[in-house]
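What follows is one structure encoded as structure tokens, with my remarks underneath.
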Number of protein chains: 2
Amino acid sequence: MTESRSERKRRANGEESRRRILDAAAEVAGVRGYDGTSIALVSEKCGLPASSIYWHFKNKDDLIAAVIERSFDIWADALTLPGDDTDPARERVTALAGQVAKTLLDSPDFLRLGLMLTLERRPEEPSARRMFLQVRDVARARLAAVLAMLAPDADRDAIDLVATYAIAGADGLFIAKEIGGDSVDLRPLFDLHARALHDALTRLTAGGQATEIS
Amino acid sequence: MTESRSERKRRANGEESRRRILDAAAEVAGVRGYDGTSIALVSEKCGLPASSIYWHFKNKDDLIAAVIERSFDIWADALTLPGDDTDPARERVTALAGQVAKTLLDSPDFLRLGLMLTLERRPEEPSARRMFLQVRDVARARLAAVLAMLAPDADRDAIDLVATYAIAGADGLFIAKEIGGDSVDLRPLFDLHARALHDALTRLTAGGQATEIS
DNA sequence: GCATTAATGTAATGAGCGTTACAGTTGTAG
DNA sequence: CTACAACTGTAACGCTCATTACATTAATGC
């Protein structure tokens, strides 16, 4: 167990094959959803036979869960609060919203797949769905922490409410972009959203006057 | 129509069969999506054989499109502006948001299916998807008209922006509810949304400029 | 050299899919 | 009664699906 594993794996192109399979699966699943993603299609797209896919992954469920897992970092990075503490809160919220918007535009496959997994309900829940919801909850907690930092006096319920609303807005705007395509300009919409979040945060700050957060 | 008694409707009753098929299809498709909806499942759920389904509908695509078409009224009714002109605009927007929230809670299958159809992209677009987007656009136009009435001074672009944001928020909150279930209380969230919409409207009406951000 | 392990290639399995063919049944019209 | 149209029932078609069995190649350890 303690011997160097990196040496062993170099025998063939296993590592790169795995990556190619995941790339192909992410592309297909992000466009066609869970059911619409067939092993044959992924196989064709990555140039490797089905047996290779089943060598690297237990089954289709495992494959798509791995796609979700690998893509989490994209989300995670978009949720770091930009600027520093001397900047006004509203600008920082707006910048954060802009980051999220950019992420959605740059790699829409991940969220599209996640939302499809979220909406579908089948008798046996795919582990990919569970994985997405888990990852999404991490993102939510992180966002709540950011909001709590921006409004230190707000109570936890208020923060949670605004965080939920923030994510809901992002989801909805993503869908609007999916539908409208080029006719939808996300920037003013996310500005609107950032403004709404900031206002809500200010308003919901409990009891004592909100410490000047703007 | 009822020239004869109960004997008339004994066997050859296609109208009710059609309704039963549509009910079953709406239920299945609203939960499992387009691909997940098999004719066999719908057949089992409505108690009629597959041949009956194919007698009433051209094919699966036609069936699901019919499901979408039939459910439009639910949406349409939710988008009539409550109250009268003497009521303050903010209350009316809040009431409207409440209506939409109630609709989403009462019959979530329709929107769930619609959003799944929206997100999925396959080589041949299902006519059900086209139908949903068309219906959704009607709803959007109607909402824009309501907003224009509430803010007569705002220009058309601003109204469209707010309408898009309004629908995006509703979509996102619906998804939040789908994920969170009972732990998500939609009421304060939709109040928050209504407030955001109202603020955006007044801001656009008063200033003439959307925002000065960025 | 040989054995072992990682990975690929080939081919098949059985199940479920959408769809159709077609015979059977029932209400209505002539 | 017969004829016919509106359905329903049974059974199959061809196809794709996820998955597996198994032979094969290539790189490593001994």
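In the text below, chain A, chain B and the rest are named by the order of the sequence lines, each starting its count at 1. Only a predicted model underlies this, so the values are computations on that prediction, with no experimental measurement involved.
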Rounded to the Å, how far apart are B:D62 CG and C:dG18 C1'?
14 Å
Can you list the residues that meet the side chain to side chain contact (heavy atoms under 4.5 Å, CB included) rule with A:E120, with sequence neighbours excluded?
A:Y34, A:D35, A:R122, B:M116, B:E120
Do the side-chain N or O atoms of B:H56 get closer than 4.0 angstrom to the phosphate oxygens (OP1, OP2) of D:dA6?
no
Interatomic distance, A:L48 CG vs D:dT25 P [rounded to whole Å]:
18 Å
Round to the nearest Å and state the distance from B:I53 atom CD1 to C:dT20 atom P.
13 Å
Residue list, side chain to side chain contact (heavy atoms under 4.5 Å, CB included) with B:R121, at least two apart or on another chain
A:V31, A:E178, B:R129
With sequence neighbours left out, the residues meeting side chain to side chain contact (heavy atoms under 4.5 Å, CB included) with B:S51 are B:P49
Of the candidate nucleotides C:dT8, C:dG18, D:dT8, which contains the atom at the shortest distance from the side chain of B:Y54?
C:dG18
Spacing between A:R18 atom CZ and C:dA7 atom P, to the nearest angstrom
11 Å
Does B:F174 have any ring-ring contact (aromatic ring centres under 6.0 Å, His included) partners at least two apart in sequence or in another chain, and if so, which?
none
Return the value, rounded to whole Å, for the distance between atom CZ of B:F57 and atom P of D:dT8.
12 Å
In whole angstroms, how far is the P atom of C:dA6 from the CH2 atom of A:W55?
6 Å
Taking the minimum atom-to-atom distance to the side chain of B:S17, which one of C:dA7, D:dT19, D:dT8 wins?
D:dT8
In whole angstroms, the gap separating C1' of C:dG18 from CD1 of B:I64 amounts to 12 Å
Identify whether the distance between the nearest side-chain nitrogen and carboxylate oxygen of A:R142 and A:D137 falls below 4.0 Å.
no
Salt-bridge contact B:D23-B:R19 (side-chain N to carboxylate O under 4.0 Å)
yes
Spacing between A:N13 atom CG and D:dA27 atom C1', to the nearest angstrom
11 Å
Kindly state which residues belonging to residues 30-47 of chain A come within less than 4.0 angstrom of DNA chain C, counting heavy atoms of the residue only, listed by number.
none
For B:Y165, which residues count as a ring-ring contact (aromatic ring centres under 6.0 Å, His included) partner, sequence neighbours excluded?
A:H193, B:H193
side-chain N/O B:S51 vs D:dG9 OP1/OP2, d < 4.0 Å
no
